[in-house]
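First the structure, in the form of structure tokens, and then the observations on it.
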Amino acid sequence: MPELPEVETVRRGLAPAMEGARIAKVEVRDRRLRWPIVKGFEKRLEGKTVDGLGRRAKYILADLSSGDVLVMHLGMSGSFRVGKDAKPGVYYHETSKSTAHDHVVFHMSNGSTVTFNDPRRFGSMKLVPRAKLDKEPLLASLGPEPLGNEFDAAMLARACQGKKTSLKAALSDQRVVAGLGNIYVCEALYRARLSPKRQASTIADRNGNPNARAGALVEAIKAVLNDAIKAGGSSLRDHRQADGSLGDFQHHFSVYDREGKPCPDCKGKIKRIVQGGRSTFYCPSCQT
DNA sequence: CTGTGTTCCTGTTCGC
DNA sequence: TGCGAACAGGAACACA
């Protein structure tokens, strides 16, 4: 659920509380995330300063004064909340009276409390020495950042060259382009007027050079991500921003979760199909 | 190597 | 109203 725009929104929400601040204490209330939080995790963080908060694909990266980087992923249901001077073990933020699923709490020296909540526990936290970050398996095979200058039609076409799989599957593959998930793949394909069922290789010629479809797709991806970040991300279900407010990009969805509703363009019915076990929403008449 | 299917998990929604 | 089934989805992993 949290895709690139949501993760970027979360990063921006955490920055005021964490950047330049020292981690005074770490409480791990449940170590069972996607991978167990390792023994010694807390001690390796306590007393260290967060020099900067960055993002790569759907990962948030906290640069620490110790030379470690804290690599965090929200999984599908992960969220952060920022509070002030919370009482340990009582409650951790004003926006919730419950500590259910509050798995990790960072008490910052500036009085802020940063709480990681994740009901489904698909999220993860891992400490990696900065010098080894480029070798980190979680990050090493990620494709280009879609909002970076280096991501263009030529690069996307090359990544899709010879691919027999669908455009939906290709864009969902983090090795092709990093940070898209089910929602923004659907929305980008709609904006580019390309069918999710189209073979991925058809955005390139036989030499891997981009055609007009590749150009349209790159522009659509960048536009939809920028629009979503501007709106503070989407908040399907209960996904909140770090300050507790709700993003509102879901009100701008053209096709996602709109089965049977009219296409904004041709007014035909939006269709839902299943690809790779996941729902795909698209307009069969506009998207070819 | 490539492409596809399975699995982890729990809150929400839906049909009876 | 209550209850079980279906569904949601990021990404590692297994497998053909």
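Residue numbers begin at 1 in each chain, while the letters A, B, ... track the order of the sequences. As the structure is a prediction and not an experimental result, all values here were calculated from the model.
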Quiz item: Counting only side-chain N and O atoms of A/Lys164, is one of them less than 4.0 Å from OP1 or OP2 of B/dT2?
Solution: no
Practice problem: Identify the residue among A/Arg31, A/Lys25, A/Arg29 that makes a salt bridge (charged side-chain N to carboxylate O under 4.0 Å, His left out) with A/Glu42. | Solution: A/Arg31
Exercise. Tell me which residues in residues 32-41 of chain A put a heavy atom below 4.0 Å from DNA chain B, sorted by number, or none.
Key: none
Quiz item: Is A/Lys163 near enough to B/dT2 that one of its side-chain N or O atoms lies under 4.0 angstrom from OP1 or OP2?
Solution: no
Quiz item: So, is A/His73 close to the C/dA11 phosphate, meaning a side-chain N or O under 4.0 Å from OP1 or OP2?
Solution: yes
Quiz item: For A/Leu138, which fellow cluster members are found when Ile, Leu, Val, Met, Phe, Trp and Tyr are connected by side-chain heavy-atom distances below 4.5 angstrom, either directly or through intermediates?
Solution: A/Trp35, A/Tyr59, A/Leu61, A/Val69, A/Val71, A/Val128, A/Leu133, A/Leu139, A/Leu142
Quiz item: What about A/Arg278: does its side chain form a donor-acceptor pair under 3.5 Å with the base of C/dG10?
Solution: yes
Practice problem: Would you tell me if any nitrogen or oxygen in the side chain of A/Thr165 comes within less than 4.0 Å of OP1 or OP2 on B/dT4? | Solution: yes
Quiz prompt | Basic-acidic side-chain contact under 4.0 Å: A/Arg191, A/Glu187 | solution = no
Quiz item: Looking at A/Ser172, does any N or O in its side chain come under 4.0 Å of the phosphate oxygens OP1/OP2 on C/dG10?
Solution: no
Self-check item: Axis deviation across the helix from B/dT2-C/dA16 to B/dC16-C/dG2, five-pair ends, to the nearest 10°
Solution: 50°
Quiz item: With sequence neighbours excluded, what pairs up with A/Phe151 under the ring pair (Phe, Tyr, Trp, His ring centres under 6.0 Å) test?
Solution: none
Quiz item: Taking everything shown except A/Asn149 itself, do over 12 heavy atoms lie less than 6.0 Å from its CG?
Solution: no
Practice problem: May I ask you to evaluate whether A/Arg272 reaches the phosphate of C/dA8, defined as a side-chain N or O under 4.0 Å from OP1 or OP2? | Solution: yes
Quiz item: Between the main-chain N or O of A/Asp205 and the side-chain N or O of A/Asn209, is there a donor-acceptor pair closer than 3.5 Å?
Solution: no
Exercise. Mind jotting down which residue pairs meet the side-chain hydrogen bond (donor to acceptor under 3.5 Å, both in side chains) criterion with at least one end in residues 135-148 of chain A? Sequence neighbours excluded, please.
Key: A/Arg55-A/Glu145, A/Arg56-A/Glu145, A/Lys126-A/Glu136
Exercise. Keeping to residues at least two apart or across chains, list the side-chain hydrogen bond (donor to acceptor under 3.5 Å, both in side chains) pairs with something in residues 61-75 of chain A.
Key: A/Arg44-A/Asp68, A/Asp63-A/Arg130
Practice problem: State whether A/His101 places a side-chain N or O below 4.0 Å from either non-bridging phosphate oxygen (OP1 or OP2) of B/dG11. | Solution: yes
